[in-house]
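Since this is a predicted model, take the numbers as computed values, not measurements. Lettering of chains follows the sequences in order, A, B, ..., and the numbering in each one begins at 1.
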Amino acid sequence: MTDATVTNPLPPLYYLDNFYSILDTVSSRYPDLLTRTESEWIAAFKALAQPAQLLLVRMLSRKGNWFREDKFNYPEIPSIDAAINELATSSLVSVTSSPTLDVALAIHTKPELLQLFDSLPLKASAKKPEIVDEIMRHAGSCPVLPYRCIEVSHDVLPVFLLLYFGNSRQNLSEFVVSDLGIYHYETVPLNIKDRLFNERSQIDAWLALSNLADEYWETVESKQRAKVRELVCRLPEPFDWPPLAYKRNRLVNAVARDLERLGDIDAAEFLFVTSALPPAKERLARMALSQNDVEKAAGYVADMLASPYNEEEKEIAERLARQLSKKGAIDAPAKTKNVFEEECVALTLTQRVEMISADYYREQGWQVWYCENLVLNALFGLAFWDIIFSPISGAFLNPFQRSPKDMYLPEFIESREDVIQSRLADIRENTAFVLDTYEQKYGLANDWVYWDYVDKTLISAALNTLSNDQLIACFERILFDRKNNRSGHPDLFMTKDGKCRFVEIKGPGDKLQHHQIRWLNFFVEQGIDARVLYVSQPQD
DNA sequence: TGGTCATCAG
DNA sequence: TTCACACGGTCAC
DNA sequence: GACCGTGTGTCTCTGATGACCAGC
Ligand SMILES: [Mn+2]
């Protein structure tokens, strides 16, 4: 574990400091995009005394809008009572002792509800949802409570987080895990003029889409896939702005795939045709094919062949074309022949087949690592470290990034074309700097380098056994499609006598995946020893 | 009352 | 708002 | 052989606490 055991103490009011960092950044980066409500909220917040600020940030960083005065336990806030009063006076919260019934039901535990509504014939053994139903049926309202309930008036945190981080995945705990020393981030100069959003409508659409995606995942998690039908009409129309278009099409593809599984082929098609993101065209072709509409399927396949989104979509189209050509609908490119070796062996499987196979090669004198994608990705992340973290405008929006915002977008290459080319040329001459980078950057978060899983001996073994040209070829392949070519690497990497070998392990019943085949063929074309090992159980 | 899960804190 | 991979099944050829 | 759905570990922290439930 990289330093994870060492945790630094946090300053006493760390969460208020962190919240202020966000407010300050957001209001200086996006003064023109904040709504009137948000600007006034910030002004009102800053005018509060510190205890009231503390309590409000505590509430904002918790789930839900409703809280109970009697349940607060914040020793750092001198008077909860005074803080609540001040927040209520500023209209930042509203306060009541008689909340509506549904709120009361949500903020009380089951034992509390049994006591609160003891005049109703409730069964203590019933589950909470049943008790809630029962109370809803028989009680008109909630009795007046001996404590106050507080509702946060404006749920401003999601907007501020989105504007600060530039995504809807990171939150206030980024500050904490970083300050505790659990994560260490590369320092990249941030420019306050760099903005992700340029219109308010982009922010609102983003938040709406995030909420919709949340809802979608909740329905999927609750195993009620049929309910996704209710989401369909709330999906937004396609966007021109790429970040929103991508986010939208991912959700559309997921929903459409569920509709397809539910047998709602027409509805699925209706959605897929609005999505430019794979696998939309593939699904359209397959749906047409399964309905025996060969013409239509051929149309989508031809479309994919003419302008494939990436290597994967191109291969899928070629396979589909071969299926269609049997029906005489289209002429298909021939199947490419595999050029890697296939080795077969019978081994007794006492643990994971990859481990057993690693021992099998160790007995032959190899030094073996079961590292899958880790080794090539780490080499790439190290060799291109300063390019990945170069302060390109708009690429770094917050101090907690493991990669630039455009790492997996076409712009990554376009904006860095020259430095990438000159780095590749450098690597042709020497690769020793990669190990230096390993030492200098050890522990710093990088999307490509998982320090706890890739040790220095592995990195130097790879550098010593792959030729510079082979390394360049691997990097070019990763650079070509950063998103897809960071996976599919063989299970085992091994070295012996200054040579290396990649081996993908296939146990009984396991088959090569398409991207694994692409990598194996690529290695062999580059003169790198790569093969698949088929392991079977010995017959007794 | 012990196990599981969600939530919160640092 | 998850991803990569393995596994086991079906279907058609 | 091709495709599909599902399971598994996980590589976005770790431990404490409380709510809930089932079983005794
Ligand atoms: Mn394998």
Using a cut-off of less than 4.0 Å, is there contact between a side-chain N or O of A:Arg352 and OP1 or OP2 of C:dC5? no
Rounded to the nearest 0.5 Å, how far does CD of A:Glu343 lie from CG of A:Leu533? 5.0 Å
Full working for ring pair (Phe, Tyr, Trp, His ring centres under 6.0 Å) between A:Tyr408 and A:Phe412: CA-CA 7 Å; A:Tyr408 304 101; A:Phe412 179 83; 8.4 Å; no
When you measure from the side-chain N and O atoms of A:Asn167 to the phosphate of C:dT1, is any distance below 4.0 Å, counting only OP1 and OP2? no
Scan A:Phe19, A:Tyr183, A:Tyr185, A:Tyr164 and name whichever one has a ring-ring contact (aromatic ring centres under 6.0 Å, His included) with A:Phe175. A:Tyr164
The side chain of A:Ser173 is closest to which nucleotide in this list: D:dG5, B:dG10, D:dA19? B:dG10
Run through A:Lys506, A:His489, A:Lys511 and flag the one making a side-chain hydrogen bond (donor to acceptor under 3.5 Å, both in side chains) with A:Gln516. A:Lys506
In whole Å, what is the span from the CG atom of A:Leu533 to the P atom of C:dA6? 13 Å
Is there a side-chain polar atom (N or O) of A:Lys110 under 4.0 Å from OP1 or OP2 of D:dC20? no
Does A:Arg62 make a side-chain donor-acceptor contact with the base of B:dT7, cut-off 3.5 Å? no
With distance as the sole criterion, is a donor-acceptor pair present between the side chains of A:Trp385 and A:Glu186 under 3.5 Å? yes
Is A:Tyr14 near enough to B:dG10 that one of its side-chain N or O atoms lies under 4.0 angstrom from OP1 or OP2? yes
Examine A:Arg62 relative to A:Phe67 and say whether NZ or CZ is less than 6.0 Å from the centre of the six-membered ring and inside a 45° cone about the ring axis. no
A:Leu251 CG - C:dT2 C1' separation (whole Å): 15 Å
note: A:Ile316, atom CD1; D:dC4, atom C1'; distance rounded to Å ~ 13 Å
To the nearest Å, how far apart are A:Leu289 CG and C:dA12 C1'? 12 Å
Nearest whole angstrom, please: distance from the P of C:dA4 to the NE2 of A:His514. 16 Å
Assign A:Glu504 to base, sugar-phosphate, or nothing according to its heavy-atom contacts below 4.0 angstrom with the strands shown. sugar-phosphate
Regarding A:Asp179, tell me which of base, sugar-phosphate or nothing describes its non-hydrogen contacts under 4.0 Å with the strands shown. nothing
Checking all strands, does A:Arg322 fall into the base, sugar-phosphate, or nothing category for heavy-atom contacts under 4.0 angstrom? nothing
At under 4.0 Å between heavy atoms, what does A:Gly488 touch on the DNA or RNA strands: base, sugar-phosphate, or nothing? sugar-phosphate
Figure out the NZ/P separation between A:Lys71 and D:dG18, and round it to whole Å. 9 Å
Mind checking if A:Tyr74 touches a base, just sugar-phosphate, or nothing, with heavy atoms under 4.0 Å? sugar-phosphate
Within the 4.0 Å heavy-atom criterion, would you say A:Arg169 contacts the bases, only the backbone, or no part of the nucleic acid? base
Select from A:Tyr450 and A:Gln323 the residue whose nearest nucleotide in DNA chain D is closer to the 5' end of that strand. A:Gln323
Side-chain N or O of A:Arg486 versus OP1/OP2 of D:dC11: is the shortest distance under 4.0 Å? no
Using a cut-off of less than 4.0 Å, is there contact between a side-chain N or O of A:Arg319 and OP1 or OP2 of D:dC3? yes
Looking only at the aromatic ring of each residue, does the gap between the centers of A:Phe197 and A:Trp241 stay below 6.0 angstrom? yes
Do the rings of A:Phe380 and A:Trp448 sit parallel, tilted or perpendicular, given the 30° and 60° boundaries? perpendicular
Report which part of the nucleic acid A:Tyr15 touches: base, sugar-phosphate, or nothing (heavy-atom distance under 4.0 Å, all strands). nothing
Phosphate OP1/OP2 of D:dC4: any A:Arg283 side-chain N/O under 4.0 Å: yes
For A:Lys247 and A:Ser210, test the side chains for any donor-to-acceptor distance below 3.5 angstrom and give the result as yes or no. yes
Rounded to whole angstrom, note down the P distance from C:dT1 over to D:dG9. 26 Å
Counting side-chain heavy atoms from CB outward, which of D:dC3, C:dT1, D:dG5 is closest to A:Arg257? D:dG5
Runs of at least three consecutive pairs that involve DNA chain C, where pairs are Watson-Crick or G-U with distances under 3.5 Å: C:3-11 with D:1-9
Which nucleotide in the list D:dT12, C:dT2, C:dC5 gets nearest to the side chain of A:Trp217? C:dT2
Of the listed D:dG1, D:dC21, C:dA6, the closest approach to the A:Lys335 side chain comes from D:dG1
Looking only at atom P, what distance separates B:dG3 and D:dT10, rounded to whole Å? 24 Å
Nearest to the side chain of A:Ile182, which nucleotide is it out of C:dC5, B:dG10, D:dC11? B:dG10
So which nucleotide from D:dT12, D:dC20, D:dC3 ends up closest to the side chain of A:Thr109? D:dC20
C:dA4 OP1/OP2 closer than 4.0 Å to side-chain N/O of A:His515: no
Is the shortest side-chain N/O distance from A:Lys247 to OP1 or OP2 of C:dT1 below 4.0 Å? yes
Using a heavy-atom cut-off of 4.0 Å across all strands, would you classify A:Lys511 as base, sugar-phosphate, or nothing? base
Quick check: do A:Phe493 and A:Leu376 have side-chain heavy atoms less than 4.5 Å from each other? no
Under 3.5 Å, N/O pairs linking protein and nucleotides 22-24 of chain D:
{"residue": "D:dA22", "atom": "OP1", "partner": "A:Lys127", "partner atom": "NZ", "Å": "3.2"}

How long is the line joining CD of A:Glu218 and P of B:dA6, in whole Å? 12 Å
May I have the distance from A:His184 (atom NE2) to D:dT12 (atom C1'), rounded to whole angstrom? 15 Å
DNA chain B nearest-nucleotide lookup for A:Arg58 and A:Lys63: closer to the 5′ end is A:Lys63
Is A:Glu112 salt-bridged to A:Lys71, cutoff N-O under 4.0 Å? yes
Using a strict threshold of under 4.0 Å (side-chain N to carboxylate O), is an ion pair present between A:Glu260 and A:Arg286? no
Using a 4.0 Å heavy-atom cut-off, does A:Pro129 contact any base of the nucleic acid, only the sugar-phosphate backbone, or nothing at all? sugar-phosphate
What contact category does A:Gln170 fall into here, base, sugar-phosphate, or nothing, at under 4.0 angstrom with non-hydrogen atoms? nothing
From A:Lys227 atom NZ to A:Glu215 atom CD, the distance as rounded to the nearest 0.5 Å: 10.5 Å
